[in-house]
Amino acid sequence: MATLTDRLAALAFDAEDARLLADGGLPATAAEFLAGFCAHLRQVAAPAEDGRAEPIQQEPEVYLARLAAGDLRHRLDHPSESRQVASAGALPGPYLAAYASYVCSLLAVLEQTGGSAGGCAPASVRALMKLAFFGLGRMLSAGASGPMPDAGSAGATSRSQPQLESLGRQVGLAPARPTPLPAGRPGVEDLGQQDCPPAAPQENGDSLLRAQAVAGIGSWRLDIDRDELSWTPQAYRIFGLPEGAPVNYQTFLACVHPDDRDRLAQAWQAALAGADYHLEHRVVAGGGERWVEERAEIYRDYQGRPRQAVGTVQDITDRKRAAQRIEQLAFYDALTGLPNRVSFMERLGQALEAADASAQRLALLYLDLDRFKEINDAEGHGAGDRVLIEVARRLLATVGGRATVARLSSDEFGVLVPQRDEAAIRRMIAAIHGSLAMKSRHYAHAVPASMGIAFYPDDAGDAQQLLIHAEIAMHQAKARGTKHYFYKKQLGEAQRRRYALARALEHALVSDQLTLHYQPQVAAHDGRLAGVEALARWRDPQHGWISPAEFIPVAESYGLIGELGRMALHEAAAQVAAWRAAGTPLPGRVAVNVSARQLEDAGFYEDTLAIVRDAGATPADIELELTETALMRDPQHAAELTRALVGAGFAIAVDDFGTGYSSLVQLKRLAVGKLKIDMSLVRDMLTDKSDCAIVEAIVAMGRSLGVVTVAEGVESAAHARALGAIGCSYFQGYHFDRPLGAVELHAKWLLPAGR
């Protein structure tokens, strides 16, 4: 079958012809003369006996309405007219007569507008004749071959599209895209079609409706001038109305959720003005709510006025629920239902912007539950989960709508309180502590917490900094043993130094900046060397020597103590092996400190054995010093571990004894061979009777348990005499020597001259 492009080419109808007709005023006058065409056709067309004449008399009414809107596309490609003529069959004569009258009427227009001499321009007449014969050809083809395909049907030849779009703009074809159009030059829809027989209409329609039902998509059409709205069955189902019930725009609007009507009306008005119509909104259907997605295209006349809208509506309720579930998982804590850290930080940023805009102050409370790990360990994680749920419930009940509550991590919560002064915050803090201390029908125990408070903009300039400062204040509350603590600038400066120190320590551990110094331990009865204690020393290239009292706590806080401990053990063991290889073995053992975190490592025993052996030493060369606090964290585990270590050949000493809370019952279960009396007791024993009594008691207890004692911090001969008098076995302190480098200690204490 010939394409539309082929038909136009056969008539030699080109872009210049289209321009002549458009400039001749045909789009503006077509409706007037088509009325004459319709009237003439009704006068001369006698109804056929079988009633087939009636459709062709009705068809021009629709045709007239379209051409009145300036749509000359139907003059080029109007299948319904051709189908009606073909179906009438016996009426070609009257049709041709009416068509001739129509064309002659249009000639009169060309006589008035075409040609500078006032006569009818020959070029315009030729263009009109080509167009007329094209229309006649369409009618005759329809009569011979059956109905013609619509301009929007499948089978378009894409190579003809650019040519046809250019041609259509000049003729004045009506647009098929919902964009505002300049007067006199409307756009064009795709006309690159092939004339081919369509599929069975009823079958195609049924298939489309079934597909819509499966996909949950309905379609609709709105005649804007007449306010006539038509829906497909699936659209009726989506909006919850009986199929076939009369509908119009007001009916549709009544189905929309009241809270979404203004937004929908704004979107519709914007679409009429030229914007895309695409939005999601709720509908009230069947006593419930549904979410739908709507899209539409607005069809306009050649003056750009909206005439018709065609659209789709899709039920997206399940998609919305899935999206909400995903959002819930991404931004809310699954256990408590509170906002999580990500969501809280977003809300915190928004709150800070609002505070800036209104010059307001806000506070952030950072809560950490006290002894929560003990609950998990003693009662199980199920009990811990119940505690977290209860804390969330109590916080929400206490602060109500005045604050935002979030779960920030395992047992940490955040409370954001806008527009509050310090007095109001103190009242809220008291209320929260009171709530957590109460018993309830949900949970029969108090849940104590430590709390840090920071204000914006007083204590921080952004959300992240505010959160960090509130957390710093919380840790300060824990360290001080208070329920809460307000952030102070000095805390932030100290924290920044600790952080910088931790990063520098990380680098120092991998770049061999840390070394060991060794402090002698001497026998009380003769002052001879009986062993040494290995002490870590750090000389930073930029800041010089950094005190162990500063970097050891940082190593513990930032998880570096294990690596530091392994480094110290390896270097100490390697040094003992080196002294032995040099023919100057160390009398006694080298003592190496072990942190509580190292003891909690499940592989500590195996790692310790491997490190010592890899360094070329034996367990008999090493004494492991553990603090009272580390041993008392888990006495049962400590007892088992110390027995295993002693069985392997290590010696165990309790460091800083007298400052912790050791139970004598627990102490006797540990495989301990030495008690090191804390230097704070030794330093003041000559002037403080209480300290002296404690030192005497420790020495006596050690003797009764068969455990030797070592006094740390022996600074003078008087200290040594007093300690010797009460039976202390060994001394360590500046009175005998300071910590020395390995070379210096070797020369001073291990070589024959030093002995």
Original post:
Counting only N and O atoms by type, is there a donor-acceptor contact under 3.5 Å from the side chain of His637 to the main-chain atoms of Leu599?
Top reply: yes
Original post:
Step by step, would you call Arg394 with Val391 a side chain to side chain contact (heavy atoms under 4.5 Å, CB included)?
Top reply: CA-CA 5 Å; Arg394 294 189 187 188; Val391 169; 5.8 Å; no
Subject >> Any donor-acceptor N/O pair, Glu471 side chain to Leu467 backbone, under 3.5 Å >> reply: no
**OP:** Report yes if some heavy atom in the side chain of Ile432 is under 4.5 Å from a heavy atom in the side chain of Phe413; otherwise report no.
**Re:** no
Original post:
Do you know which of Asp601, Thr608, Asp607, Leu609 makes side chain to side chain contact (heavy atoms under 4.5 Å, CB included) with Tyr605?
Top reply: Leu609
Subject >> Donor + acceptor pair across side chains of Arg341, Ser409 (<3.5 Å) >> reply: no
Original post:
Heavy atoms, side chains only, cut-off 4.5 Å: are Arg426 and His484 in contact?
Top reply: yes
Original post:
Just by distance, do the side chain of Arg407 and the backbone of Leu335 share a donor-acceptor pair under 3.5 Å?
Top reply: no
**OP:** Output yes when a side-chain donor or acceptor of Thr232 lies under 3.5 Å from a complementary backbone atom of Ser219, and no otherwise.
**Re:** yes
Original post:
Do any N or O atoms from the side chain of Tyr366 and from the backbone of Glu412 form a donor-acceptor pair under 3.5 angstrom?
Top reply: no
**OP:** Could you tell me whether the side chains of Glu294 and His281 share a donor-acceptor contact shorter than 3.5 Å?
**Re:** yes
Original post:
Could Arg503 and Glu506 be called an ion pair, given the rule that one side-chain N must be under 4.0 Å from one carboxylate O?
Top reply: yes
**OP:** State plainly whether the residues Arg597 and Glu556 are in salt-bridge range, i.e. N to O under 4.0 Å.
**Re:** no
Original post:
Which heavy atom in Ile453 sits nearest to a heavy atom in Ala473, and how many Å separate them?
Top reply: N-CB, 3.8 Å
Original post:
At what distance, to the nearest 0.5 angstrom, does CG of Leu279 lie from CD of Gln266?
Top reply: 10.5 Å
Original post:
Who are the salt bridge (charged side-chain N to carboxylate O under 4.0 Å, His left out) partners of Asp459, not counting sequence neighbours?
Top reply: none
**OP:** Return yes if some donor-acceptor pair links the side-chain N/O of Asp260 with the main-chain N/O of Arg282 below 3.5 Å, else return no.
**Re:** yes
Original post:
Are Ser343 and Asn340 linked by a side-chain donor-acceptor pair shorter than 3.5 Å?
Top reply: no
Original post:
How about Trp220 and Phe252: are their ring centroids closer than 6.0 Å?
Top reply: no
Original post:
Under 4.0 Å between a Lys/Arg side-chain N and an Asp/Glu carboxylate O for Lys478 and Asp368?
Top reply: yes
Original post:
Within a reach of under 6.0 Å around OH of Tyr249, are more than 12 heavy atoms found that belong to other residues, nucleotides or ligands?
Top reply: yes
**OP:** Please tell me if the side chains of Trp231 and Val313 come closer than 4.5 Å, counting only heavy atoms from C-beta onward.
**Re:** no
Subject >> Results of salt bridge (charged side-chain N to carboxylate O under 4.0 Å, His left out) for Lys483 - residues two or more places apart only >> reply: none
Original post:
Can you name the nearest heavy-atom pair linking Phe551 to Ala536, along with the distance?
Top reply: CZ-O, 3.9 Å
Original post:
CD1/Ile652 to OG1/Thr642 distance, rounded to the nearest 0.5 angstrom?
Top reply: 6.5 Å
**OP:** Specify the closest pair of heavy atoms between Ala309 and Ile298, including all atoms of both residues, with the distance to one decimal.
**Re:** CB-CD1, 3.7 Å
Original post:
Looking only at heavy atoms, which two atoms of Ala245 and Tyr236 are closest? And how far apart?
Top reply: O-OH, 2.6 Å
**OP:** Run the salt-bridge test on Lys320 and Glu280 with the 4.0 Å N-O cut-off and return the result as yes or no.
**Re:** yes
Original post:
Are the side chains of Leu365 and Ile429 in touch, meaning some heavy atoms are under 4.5 Å apart?
Top reply: yes
Subject >> side chain to side chain contact (heavy atoms under 4.5 Å, CB included) between Leu436 and Leu367, worked out >> reply: CA-CA 11 Å; Leu436 296 179; Leu367 285 81; 4.2 Å; yes
Original post:
Is the charged tip of Arg361 near the ring of Phe455: under 6.0 Å from the six-membered ring centre and within 45° of its axis?
Top reply: yes
**OP:** Mind running side chain to side chain contact (heavy atoms under 4.5 Å, CB included) on Trp538 and Leu501 for me, showing each step along the way?
**Re:** CA-CA 11 Å; Trp538 177 20; Leu501 198 64; 3.8 Å; yes
**OP:** Could you tell me whether a side-chain N or O of Arg261 sits under 3.5 Å from a main-chain N or O of Leu253, the two making a donor and an acceptor?
**Re:** yes
**OP:** Report the distance from atom CD1 of Ile546 to atom CD1 of Ile552, rounding to the nearest 0.5 Å.
**Re:** 11.5 Å
Original post:
How many angstroms lie between CG in Asp411 and CG in Asp370, if you round to the nearest 0.5 Å?
Top reply: 9.0 Å
Original post:
If you take all heavy atoms of Ala463 and Leu352, which pair is closest and at what distance?
Top reply: N-CD2, 3.3 Å
Original post:
Quick check: does any side chain N or O of Glu563 sit under 3.5 Å from a backbone N or O of Leu560, one acting as donor and the other as acceptor?
Top reply: no
**OP:** Using distance alone, with no hydrogens and no angle criterion, decide if Asp540 and His543 have a side-chain donor and acceptor under 3.5 Å apart.
**Re:** yes
Original post:
Without hydrogens or angle criteria, can the side chains of Arg347 and Gln350 be said to hold a donor-acceptor pair below 3.5 Å?
Top reply: no
Subject >> Interatomic distance, Met474 atom CE to Met451 atom CE [nearest 0.5 angstrom] >> reply: 11.0 Å
Subject >> Minimum side-chain heavy-atom gap Asp458-Tyr487 below 4.5 Å >> reply: no
Original post:
With distance as the sole test, does Asp276 use its side chain to make a donor-acceptor pair with the main-chain N or O of His278 at under 3.5 Å?
Top reply: no
Original post:
So do the side chains of Val283 and Glu289 get within less than 4.5 Å of each other, counting heavy atoms only?
Top reply: no
Original post:
Between the side chains of Ser435 and Thr398, is a donor N or O closer than 3.5 angstrom to an acceptor N or O?
Top reply: yes
Original post:
Less than 4.5 Å apart, any side-chain heavy atom of Gln360 and any of Pro418?
Top reply: no
Original post:
Is it true that atom CZ of Arg371 has more than 12 heavy atoms of other residues, nucleotides or ligands lying nearer than 6.0 Å?
Top reply: no
Subject >> Side-chain (Thr317) to main-chain (Trp291) donor-acceptor, under 3.5 angstrom >> reply: yes
Subject >> Non-hydrogen atoms of Glu712 and Asp678 that approach each other most closely >> reply: OE1-CA, 4.4 Å
Subject >> Criterion side chain to side chain contact (heavy atoms under 4.5 Å, CB included) on Tyr332 and Leu338, from CA distance to verdict >> reply: CA-CA 6 Å; Tyr332 291 86; Leu338 296 176; over 6 Å; no
Original post:
If you round to the nearest 0.5 Å, how far is CG of Leu505 from CG of Leu564?
Top reply: 6.5 Å
Subject >> Ion pair Glu390/Arg386, N-O distance below 4.0 Å >> reply: no
